[in-house]
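Just so we're on the same page: letters track the sequence lines, and every chain starts at 1.
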Number of protein chains: 2
Amino acid sequence: MALVFLPALARMAVCGGTHGNELSGVYVVQEMERQWKEKGECAWPIPVTTVLSNPRAVKECRRYIEKDMNRCFNRATLSSPITDSSPYEVRRAHELNNLLGPKGSTDAIDLICDLHNTTANMGLTLIHYTTSDWVTLHICKYLQMTCVSVAIEVGPQPHGVVRADIYTIMKEAVDLTIDWIHKFSSGMVFEGGDVEAFRFIKSVDYPRDPETRTLTAAIHPQLQDRDFCLLKRGDPLFLSFSGETVKYEEEEPLHPFFINEAAYYEKEIAFHLGKKMMLTIPSVQVQKD
Amino acid sequence: MALVFLPALARMAVCGGTHGNELSGVYVVQEMERQWKEKGECAWPIPVTTVLSNPRAVKECRRYIEKDMNRCFNRATLSSPITDSSPYEVRRAHELNNLLGPKGSTDAIDLICDLHNTTANMGLTLIHYTTSDWVTLHICKYLQMTCVSVAIEVGPQPHGVVRADIYTIMKEAVDLTIDWIHKFSSGMVFEGGDVEAFRFIKSVDYPRDPETRTLTAAIHPQLQDRDFCLLKRGDPLFLSFSGETVKYEEEEPLHPFFINEAAYYEKEIAFHLGKKMMLTIPSVQVQKD
């Protein structure tokens, strides 16, 4: 299998509290800052910047104050000037872009690890926006191999709550990511191979009253908590509040995920549907200077 | 065993959305209003008033807008005049007191069934503020006998989420409560006996940083989800974010509940401790006119 040489990763950032009520990341960042105070540069084998992304939302334990921060890091928003009417999160996104970016420039940090929780039963999930970033896919492969917890179905976490089991899995994943980057920077060859992933196909909304837009059904008990399990024609999707079952009617079997995520009610998403795929990634090694 | 004659219960109310992000009650009330539209007076065997307690908080999917509504129904708040600076929930509490009260008067509704959710793994729990209200204790006994779900440990529900399993248990409990009142009003004798309950003893807070007041530990994985299980000296309580275990040090074994309730972080409550007790209740029958 081909060996691909990739640029070194000099700096990484770990961001928690991008959504202020997703508490595991908030406490992972807090613990890393405590470790930094205690041990200084010996805390990690590589330089790590820790960031509490949305401190006001964390303080109020809300997802966001004025605008979902995850929608503030596009180039249009980052290149528009700040005005008096700019939402808090847009201002904060500009600050973070100064700290960690500018996005797309050679000064930008090499890897951002943005920590989130979901009320869905998705275990430890890594979200990628491309299928050709070998570094993040290798980190994914490394976590799947090393982190025993990845294979275990862990409980979902309510927003506004920190569960020790979920915290521990997240902390372990961050530590392993740092570990991978350190080994990679030290010249280790990471063997290529297959990585299982799910490609987003579309979203499905809840059944709603056509006038009031209020929900008329909840996720069916047979679908609840079964993220990434195959959904086939005839399988139950929703149970209406008066007791009727709504079934999956499409021919193509797909894999649902983000099932019953609290923050997606307002986005009119009951769950996403994805297609399982196998990505083949090459072996990688750091470029020599 | 003694037979106690009690006044009839002419009217009851079912209230959902007292906390706007606890969704099961919101949808139980919505479904009951749909049934009322469909069937009118035939919907239930007794007159039932349905109420969405805090519509603004429901709309924003928040626990409350300005003040926790559960703290607004004391006599001091209800008897103070409304001013321009009165919080929204205090105004709404006055409205509800006009609709369902006045509290303590002979015009007041006979039974209010106020529906809540918790992120703790408490199954179906009935909260009483006295050990001598035979009607509510008899309803409790009736639910324990009839409702198979009561004995099953059902999953906790994140705020801002409706789970069909939790919705179904709540709806079943409301239907059985209506059923009990109907049978009682019709003259049925309900046999007395023993009812298991837990008396509140005290609350325990999370370990916190003495300066910032931020949490330094989460509920220990061995305590998480074990509401109502006996806690003995030496059992783990908390796991700090750096990995140390905090143990239960008291001599007296007690029963924890409301373990890791999202809304109690701001109230500085990690869990409550209670003592198991057996209440003996007399047989009851409705008074004849």
Pairs of heavy atoms under 4.5 Å with chain A: top-ranked of Ala218(B), Ala263(B), Ser242(B):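 Ranked by contacts with chain A, first place is Ser242(B).
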Greatest number of heavy atom pairs closer than 4.5 Å to chain A - which of Thr214(B), Thr216(B), Asn21(B):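 Ranked by heavy-atom pairs under 4.5 Å with chain A, first place is Thr214(B).
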Test of ring centre spacing under 6.0 Å for Tyr27(A) and Tyr167(A):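 Ring centres of Tyr167(A) and Tyr27(A) not closer than 6.0 Å.
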Close aromatic pair by centroid cut-off 6.0 Å: Phe258(A) and Phe271(A):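 Judged by ring-centre distance (under 6.0 Å), Phe258(A) and Phe271(A) do not meet the cut-off.
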Nearest non-hydrogen partners of Thr18(A) and Asn54(A), listed with the distance: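 Between these two residues, the closest heavy atoms are O-CB, 3.8 Å.
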Glu250(B)/Lys202(B) salt bridge by N-O under 4.0 Å criterion: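 Judged by the 4.0 Å cut-off on N to carboxylate O distance, Lys202(B) and Glu250(B) do form a salt bridge.
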Under-4.0 Å salt bridge between Arg34(B) and Glu38(B):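 Yes, charged N to carboxylate O under 4.0 Å.
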Per-residue contact mode, [X] against chain A (heavy atom under 4.5 angstrom):
X	result
Tyr265(B)	side chain
Leu239(B)	side chain
Gln35(B)	neither

Interface residue of largest heavy-atom contact number with chain B, from Thr119(A), Thr168(A), Leu215(A), under 4.5 Å: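 Among the listed options, the one with the most contacts to chain B is Leu215(A).
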Option in Gly243(A), Pro221(A), Ala262(A) with maximal non-hydrogen atom pairs under 4.5 Å from chain B: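 Greatest number of close heavy-atom pairs with chain B: Ala262(A).
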Plane angle bin for Phe228(B) and Phe257(B) - parallel if under 30°, tilted between 30 and 60°, otherwise perpendicular: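 Answer is parallel, since the angle falls under 30°.
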Proximal component of Leu23(A), with respect to chain B [non-hydrogen, under 4.5 Å]: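 Just its side chain gets close to chain B.
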